[in-house]
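Count residues from 1 along the sequence. What you see is a predicted model, and the numbers here were worked out from it, not measured in a lab.
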Amino acid sequence: MPEIDAEIQEAKTLNRDIASRSLERPPSGRRSRSATPSGRKTPLDGKQIGFDLEQKVSRPSSALSRRPSTYFKGKVTHDDVREEVQYPDGKLEQFLMNGSRIITFRNGTRKEVSADGQSVTITFFNGDVKTFMPDQKVIYYYADAKTTHTTYPNGMEMLQFPNNQIEKHYPDGKKEILFPDQTVKHLFPDGREQSIFPDGTIVNLHKNGNKIIEFNNGQREIHTSQYKRREYPDGTIKTVYSNGRQETKYSTGRVRIKDKEGNIILDKK
């Protein structure tokens, strides 16, 4: 089925991206690659999967889920079942006393539909689980990678990794990454990046490569291709140019300049 093939390809893409980044925290100022490309859609959009599965379920083990095929053992007792229908193709459909129903396919894939039809959970034979919530939220759990991909009705997507790293992809192209140490990184569509560290340090990286670092002690650093400059709370400014020359302007008005060898060539008080 085209939808199933698309889902397999999506799973392979996610697996490659996870492997390429190894979920490590990027150092300050280095671009972080997201786990999924911008605009990635959750496999098998909408509740159509529920109807497609009734016709055919042949989802092979994906690159993310290499578990052997196993039959899902549910906790449904004989007293819970109101009616059972066994189909010639091996599919078993159970109608429960509470109004919900369970469809178990020959390969072990299982679909559970709530009594009101608003919630659908698909447990694939390889361990992956896809859930359609009443609020239109779609949750896909990749069993082998232990990664959860949630798509919200407003288009936002969230990825939760086993090391507790969380990524949020917004419809406008903005991305937010929360690392396990609580560092937060924002990536903007125009190429800007902002990292907020647990100690309060904020690093802003612009598309042209300029970096501005704001420390929690009130100091500020500006990095460009021509110079690195540190600004102190008392008004003192120290600049180191790309050719090695150093210039310090004190809050008192004093100016001191050194050459690249560290020799003082000007000290004006």
Side-chain angles (χ1 to χ4, degrees), residues 1-11 14-15 36 40-162 166 168-169:
M1 296 174 64
E3 295 89 350
I4 297 298
D5 292 338
E7 184 172 4
I8 295 169
Q9 187 58 45
E10 291 283 1
L14 180 57
N15 187 49
T36 56
R40 179 183 186 275
K41 301 299 181 184
T42 300
L44 297 182
D45 294 335
K47 293 187 178 180
Q48 181 181 355
I49 187 173
F51 304 102
D52 291 340
L53 279 170
E54 292 190 23
Q55 302 300 320
K56 177 181 178 182
V57 176
S58 58
R59 187 180 191 278
S61 180
S62 70
L64 278 172
S65 303
R66 295 193 175 92
R67 293 184 177 184
S69 177
T70 57
Y71 191 94
F72 186 91
K73 300 293 184 181
K75 295 183 179 180
V76 178
T77 66
H78 178 74
D79 293 336
D80 295 326
V81 180
R82 174 171 55 84
E83 181 184 355
E84 283 188 357
V85 178
Q86 183 74 56
Y87 296 91
D89 62 359
K91 179 178 69 178
L92 173 66
E93 185 168 11
Q94 296 172 303
F95 299 87
L96 307 187
M97 300 298 292
N98 62 9
S100 62
R101 60 193 178 103
I102 299 173
I103 302 171
T104 305
F105 298 86
R106 186 171 54 187
N107 66 352
T109 292
R110 172 182 174 124
K111 182 178 77 169
E112 301 174 60
V113 183
S114 63
D116 59 7
Q118 296 299 305
S119 298
V120 179
T121 298
I122 312 296
T123 304
F124 293 98
F125 61 85
N126 58 11
D128 286 6
V129 180
K130 187 166 189 175
T131 303
F132 300 92
M133 305 297 291
D135 60 1
Q136 305 303 309
K137 184 169 59 179
V138 180
I139 304 171
Y140 196 107
Y141 175 73
Y142 292 92
D144 195 62
K146 296 181 174 62
T147 297
T148 301
H149 179 194
T150 304
T151 302
Y152 294 84
N154 63 1
M156 188 188 85
E157 298 183 46
M158 182 170 69
L159 290 150
Q160 296 172 282
F161 298 94
I166 296 175
K168 295 180 180 179
H169 298 194

**Heavy-atom donor-acceptor pair, Asp128 side chain to Tyr142 backbone, under 3.5 Å** =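 No; zero donor-acceptor contacts below 3.5 Å.
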Mind checking the [atom1]-[atom2] spacing from [X] to [Y]? Nearest 0.5 Å is all I need.
| X | Y | atom1 | atom2 | answer |
| --- | --- | --- | --- | --- |
| Thr123 | Tyr141 | OG1 | OH | 12.0 Å |
| Phe105 | Arg110 | CZ | CZ | 11.5 Å |
| Thr147 | Gln160 | OG1 | CD | 9.5 Å |
| Gln94 | Ile103 | CD | CD1 | 10.0 Å |
| Thr131 | Lys137 | OG1 | NZ | 10.0 Å |
| Gln136 | Gln118 | CD | CD | 7.5 Å |

**Item:** Partners meeting side chain to side chain donor-acceptor pair (under 3.5 Å) with Asp135 (sequence neighbours left out)
**Value:**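 With sequence neighbours excluded, Asp135 shows a side chain to side chain donor-acceptor pair (under 3.5 Å) to no residue whatsoever.
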**Request:** Only counting residues at least two apart or in another chain, list the ones meeting side chain to side chain donor-acceptor pair (under 3.5 Å) with Thr121.
**Result:**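 Residues passing side chain to side chain donor-acceptor pair (under 3.5 Å) with Thr121: none at all.
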**Request:** Please test Met158 against Thr148 for side chain to side chain contact (heavy atoms under 4.5 Å, CB included), starting from the C-alpha separation and ending with a verdict.
**Result:** CA-CA 8 Å; Met158 182 170 69; Thr148 301; over 6 Å; no
**Request:** State plainly whether the residues Lys91 and Glu93 are in salt-bridge range, i.e. N to O under 4.0 Å.
**Result:**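 No salt bridge links Lys91 with Glu93.
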**Request:** Work out which heavy atom in Glu84 is nearest to a heavy atom in Leu92; give both atom names and the distance.
**Result:**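 Closest heavy-atom pair between Glu84 and Leu92: OE1-CD1, 4.2 Å.
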**Asked** If every non-hydrogen atom of Thr109 is compared with every non-hydrogen atom of Phe124, which pair is closest and at what distance?
**Response**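 The pair with the smallest heavy-atom distance is OG1-CA, 3.7 Å.
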**Prompt:** Can you check side chain to side chain contact (heavy atoms under 4.5 Å, CB included) on Val81 and Leu96, steps first, answer last?
**Reply:** CA-CA 4 Å; Val81 180; Leu96 307 187; 3.9 Å; yes
**side chain to side chain contact (heavy atoms under 4.5 Å, CB included) involving Glu83 - partner list, sequence neighbours excluded** =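 Listed in chain order: Val85, Phe95.
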